[in-house]
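Quick notes on the structure that follows.
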Protein chains: 2
Amino acid sequence: MAHDLIPDVLNDRCPSRAVLNHVTSRWGVLVLIALQDGTLRFSALRRRIGGVSERMLAQSLRLLEDDGFVRRTAHPVVPPHVDYDLTPLGREVAARVHALAACIEGSLDQILAARKV
Amino acid sequence: MAHDLIPDVLNDRCPSRAVLNHVTSRWGVLVLIALQDGTLRFSALRRRIGGVSERMLAQSLRLLEDDGFVRRTAHPVVPPHVDYDLTPLGREVAARVHALAACIEGSLDQILAARKV
DNA sequence: ACGGAAGCACACACATTTTCGTAAGTATAA
DNA sequence: TTATACTTACGAAAATGTGTGTGCTTCCGT
């Protein structure tokens, strides 16, 4: 009966699957990488991540915040000022994500060269 | 003029972005993780990865093959017999992907506990 | 000094694009 | 009949982009 006690992403019903999807989502990955260098405001984050729309950035940030990877700090001033940074847990996953991205960036030449399509 | 010489996933136009998307795609991640334990046939892979359809598995495998992460070996027999395993490069990325998944699996309790939604 | 424009951090409605699952089909052997 | 390894067509569902609005402040030109 211990089929759900140990988290396993290969298992369809394991909640870890959803969290993994948030982290590996198109923009989620890039948010984590971008925030590794420190705190950023919404607009700065948007400028940093090429091609992201306001809508998707906001949505990705909320998901990562709900999972406890990103911390949102709103300063009650006008015009609005909101800071985003990584939680301790967020820093751990961001490090893995970054390692993956770096690995791909590093062997990109090799990948593109071997590609026929 | 050296804006495209160094691969950078944060850059919209960098080809590494596409490769990263293949690797971090919903089923791509799981394929890489599943193949870490060794060679698997199509059907075995499908049974291993909970919830994947034939269509998506085939598609994911082809993308990963084109990028040089997965090797496909077809034996010309009937009924068909096709083996899938990781290339050396594939083993590197799979290791990073697995590290990420393990990290999430390991802190799943903490993540779910902190969630309000 | 005064009007206009831009920036901030989003939310919301709408349209499009892409992704995904389902069902059916293939040829053959056990 | 079932298993193998897919492919294709179709339609549903999810992801994503676009444009619009908000309330206020700061900067810019004249």
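Labels below follow one simple rule: chain letters A, B, ... track the order of the sequence lines, proteins then strands, and each chain is numbered from 1. Keep in mind that what you see is a predicted model, and the values were worked out from it rather than measured.
- Distance, B:L57 CG to C:dT22 C1': 16 Å, rounded to whole Å.
- Atom-to-atom, CG of A:N21 to C1' of C:dT19 comes out at 13 Å; the value is rounded to the nearest Å.
- Of the charged side-chain nitrogens involved, none lies within less than 4.0 Å of a carboxylate oxygen, so that B:D85 and B:R72 do not count as a salt-bridged pair.
- Close to D:dG11, at under 4.0 Å from its OP1 or OP2, lies no side-chain N or O of B:R55.
- Between B:R71 and B:L86, the closest side-chain pair of non-hydrogen atoms is not below 4.5 Å.
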| message | side chain to side chain contact (heavy atoms under 4.5 Å, CB included), that's the test. Do A:L45 and A:L35 meet it? Break it down for me. | response | CA-CA 8 Å; A:L45 209 38; A:L35 284 180; 3.9 Å; yes
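- The distance between atom OH of A:Y84 and atom P of C:dA9, rounded to the nearest whole Å, is 8 Å.
- Look at A:R41 and you won't find any side-chain N or O under 4.0 angstrom from OP1 or OP2 of C:dC8.
- Look at CG on A:D12: it is 13 Å from C1' on C:dG21, rounded to the nearest Å.
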| task | Evaluate the side chain to side chain contact (heavy atoms under 4.5 Å, CB included) criterion for residues A:D12 and A:R17: first the C-alpha distance (whole Å), next the side-chain angles of each, then the deciding distance (0.1 Å), finally the verdict. | result | CA-CA 7 Å; A:D12 205 7; A:R17 183 77 74 92; 4.0 Å; yes
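- Taking 4.5 Å as the limit, some side-chain heavy atom of A:L64 sits within range of a side-chain heavy atom of A:V31.
- Spacing between atom CE of B:M56 and atom P of D:dA14 amounts to 14 Å, rounded to whole angstrom units.
- For A:S43, a side-chain nitrogen or oxygen approaches OP1 or OP2 of C:dC8 to under 4.0 Å.
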Protein-nucleotides 25-30 of chain C N/O pairs closer than 3.5 Å?
none

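- Using a 4.0 Å cutoff on non-hydrogen atoms, the parts of residues 22-39 of chain B near DNA chain C are B:R26, B:W27, ordered by number.
- Under 4.0 angstrom from either OP1 or OP2 of C:dC8 there lies at least one side-chain N or O belonging to A:R47.
- Put simply, NE2 on A:H75 is 18 Å from C1' on D:dT25, counting in whole angstrom units.
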| field | Working for salt bridge (charged side-chain N to carboxylate O under 4.0 Å, His left out), residues A:R48 and A:D37 | value | CA-CA 11 Å; A:R48 197 92 196 288; A:D37 299 336; 3.0 Å; yes
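- B:L112 is listed as a side-chain neighbour of A:P15, based on a closest heavy-atom distance under 4.5 Å.
- Proximity of A:L100 to B:T24: side-chain heavy atoms (C-beta onward) are separated by under 4.5 Å at one or more points.
- Between B:I49 atom CD1 and D:dA5 atom P there is a gap of 14 Å when expressed in whole angstrom units.
- Ring-plane geometry between A:Y84 and A:F42 is classed as tilted, the angle between the planes lying from 30 to 60 degrees on a 0 to 90 degree scale.
- Applying the 4.0 Å criterion to OP1 and OP2 of D:dC6, one finds that B:R62 has every side-chain N and O outside that range.
- The separation between A:R46 atom CZ and C:dC10 atom P is 13 Å, rounded to whole Å.
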